[in-house]
Amino acid sequence: MLSAFVPALRHPELRRKILATLGLLALYRLGATLPSPGVDYRAVRECVELVSGGESAGIYQLISLFSGGALLELSVFAIGVMPYITASIITQVLSVVIPRFEELRKEGAAGQAKITQYTRYLSVALAVLQASALVALAASGQLLRGCERDVLADASLFGMVVVVLVMTAGAALVMWFGELISERGVGNGMSLLILAGIAAQIPRQGTAILEAKGGLAFAVVCVALLLMIVGVIFVEQGQRRIPVQYAKRVVGRKMYGGAATYLPLKVNQAGVVPVIFASSMLYVPTLIAKLTEGASGWQELLQKYLTDPSDPAYLVIYFCSILFFTYFYVALTFDPVERAEEMKKFGGFIPGYRPGRPTAGHLSYVLSRITLPGAIYLGGVAVLPNLLSFGAMSSAQGLAFGGTSVLIVVSVGLDTIKQLESQLLNRNYTGFLR
């Protein structure tokens, strides 16, 4: 990492990009600590400390992790990046289901700009819904159960509308920060914002584990975390390289093609998205059960099997959900038929397979074979900390040391370093040619 970061600081343009990225991340963390108007910040802090690690916090632990703890504290950036991520996933699904979105996706840069605009509109709408639900839960006392203090200083309709508008504007500003980082900085903006939220909680949660379980348990957690990081890096770098040959063709007096390359298929083709899908799916029924007044059989069933992360039933459902969403997301993002048609269009072919349908069949076969170990790897990394029950690691307080956090941090870090090395390599070649 330092081998790419230190030389990049010597280039004025790359140094400006790195400083711009760090500045926007600092502004994001500043907004995550600013309380929204009309919120009693002292009462919120007392309630968070009182119910931290409890069931009420456990429902929102994944979203709170992405916001760097800003969700439960009702700050300006409490909604964080979740509306944009949800909107991006919805537009990806619609690009497969609705022909209009599929046509826009095939139009190139102009169509992608139109899809991005739709994603922004949908993100704002989702931010309004999420902010309204969050403020309503805070006003009714269901956001932080077990705390009798009123977290809203002004519980009138006007006061709650102001808080909703501020949180919606904060979500739109976070979306703008992410786009600025992607355009003028280094790395993927939204991913780096999530990384900043996770990194902000590591010192606090590490201190909580150390105080609650002692130095020996903390050392065991650190060793297990290091081994997990090594394993994640090893699998994330793994790929199946399918050889591709391009036929020679003559255009005018010049000859093009004839090069041999390969098509890389990653073992973890879906990234961390299936883990996010599965976690969200498990929290929705629990949230509905808690918001529904009264007690019934199905509510008790949900509380018993979908609340405790160390319960065997919870682990089995979580693991199977990750397997399902891995295949689902890979099917959405990688189309073997489309990839085979692109290769045929530019004169490419896989040795031993005819262009067209045979090539698509071979790509589909290879993709199905490598998706299974990738799905098992994702499920294992996500479930392993809960299965081993490393004390506070299985609770909301130690989520930053869990498998989901490790996947996000390592994946985003590797992607950012690759982009930095690519830009550094381009500038070195430019200086050499001059």
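Scope of the values below: all heavy atoms of this structure, side chains included, with no hydrogens, waters or symmetry mates.
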**Asked** Nearest 0.5 Å, what's the CG-CZ distance between L24 and R184?
**Response** 9.5 Å
**Message:** Nearest 0.5 Å, please: how far is CD1 in I115 from CG in L104?
**Reply:** 5.0 Å
**Prompt:** From L22 CG over to L27 CG, what is the distance, rounded to the nearest 0.5 angstrom?
**Reply:** 11.0 Å
**Separation of I90 CD1 from I85 CD1 (nearest 0.5 Å)** = 12.0 Å
**Test log, rule side chain to side chain contact (heavy atoms under 4.5 Å, CB included), inputs E236 and K266** = CA-CA 7 Å; E236 289 292 332; K266 294 183 63 177; 3.8 Å; yes
**Asked** Can you check side chain to side chain contact (heavy atoms under 4.5 Å, CB included) on L152 and V135, steps first, answer last?
**Response** CA-CA 9 Å; L152 294 181; V135 173; 4.2 Å; yes
**Prompt:** Side chains of R240 and V267: does their closest heavy-atom pair fall under 4.5 Å?
**Reply:** no
**Message:** Taking salt bridge (charged side-chain N to carboxylate O under 4.0 Å, His left out) as the definition, give me every residue that meets it alongside E338, ordered by chain and number, with sequence neighbours left out.
**Reply:** R105
**Message:** If you define the side chain from C-beta out and look only at heavy atoms, does anything of R339 sit under 4.5 Å from E341?
**Reply:** no
**Request:** May I have the step-by-step check of side chain to side chain contact (heavy atoms under 4.5 Å, CB included) for Y84 and L126, ending in yes or no?
**Result:** CA-CA 8 Å; Y84 187 83; L126 291 175; over 6 Å; no
List the atom pairs, donor and acceptor, that lie under 3.5 Å between side-chain atoms in residues 187-199 and the rest of the protein, sequence neighbours left out.
{"residue": "N188", "atom": "OD1", "partner": "M190", "partner atom": "N", "Å": "3.3"}
{"residue": "N188", "atom": "OD1", "partner": "S191", "partner atom": "N", "Å": "3.1"}
{"residue": "N188", "atom": "OD1", "partner": "S191", "partner atom": "OG", "Å": "3.1"}

**Request:** Indicate yes or no: at least one non-hydrogen side-chain atom of D415 is less than 4.5 angstrom from one of S411.
**Result:** no
**Request:** Considering non-hydrogen atoms only, spot the tightest contact between L134 and A78 and give its length.
**Result:** CD2-CB, 4.1 Å
**Request:** For residues V275 and A382, report the shortest heavy-atom separation together with the two atoms involved.
**Result:** CG1-CB, 4.2 Å
**Prompt:** Can you list every pair that meets salt bridge (charged side-chain N to carboxylate O under 4.0 Å, His left out) and has a residue in residues 313-331, with sequence neighbours left out?
**Reply:** none
**Item:** Minimum-distance pair of heavy atoms, taken over all atoms of A87 and T119
**Value:** CB-O, 3.6 Å
**Prompt:** Can you tell if the side chain of V244 reaches within under 4.5 Å of the side chain of M343, non-hydrogen atoms only?
**Reply:** yes
**Shortest non-hydrogen separation from P83 to A171 and the atoms involved** = CG-CB, 4.5 Å
**Item:** R369, CZ: over 12 other non-hydrogen atoms inside 6.0 angstrom
**Value:** no
**Request:** Say whether, by atom type as modelled, one donor and one acceptor occur between the side chain of T371 and the main chain of Y327 under 3.5 angstrom.
**Result:** no
**Side-chain heavy-atom pair N268, Y377 within 4.5 angstrom cut-off** = yes
**Message:** I'd like to check the ring pair (Phe, Tyr, Trp, His ring centres under 6.0 Å) partners of Y118; sequence neighbours left out, ordered by chain and number.
**Reply:** F101
**Request:** Could you give me the CA-CA distance, side-chain angles and deciding distance for L414 and Q237, then say whether side chain to side chain contact (heavy atoms under 4.5 Å, CB included) is met?
**Result:** CA-CA 9 Å; L414 290 176; Q237 298 288 75; 4.0 Å; yes
**Request:** Give the ring-plane orientation class for F325 versus F328, where under 30° counts as parallel, over 60° as perpendicular and anything between as tilted.
**Result:** perpendicular
**Prompt:** To the nearest 0.5 Å, how far apart are CZ in R100 and NZ in K114?
**Reply:** 7.5 Å
**Message:** Quick check for you: to the nearest 0.5 Å, what is the distance between L122 atom CG and T91 atom OG1?
**Reply:** 7.5 Å
**Fill in**
In terms of heavy-atom contacts, L323 and I376 come closest through CD2-N, 3.8 Å
**Min side-chain heavy-atom separation T33-S75 under 4.5 Å** = no
**Item:** E103: partners by salt bridge (charged side-chain N to carboxylate O under 4.0 Å, His left out), with sequence neighbours left out
**Value:** none
**Message:** Once salt bridge (charged side-chain N to carboxylate O under 4.0 Å, His left out) is applied, what residue pairs with a partner in residues 117-133 remain, sequence neighbours excluded?
**Reply:** R120-E179
**Asked** Which of parallel (below 30°), tilted (30 to 60°) and perpendicular (above 60°) describes F77 and F177?
**Response** perpendicular
**Prompt:** So which heavy atom on V163 is nearest to which on S36, and how close?
**Reply:** CG1-CB, 4.3 Å
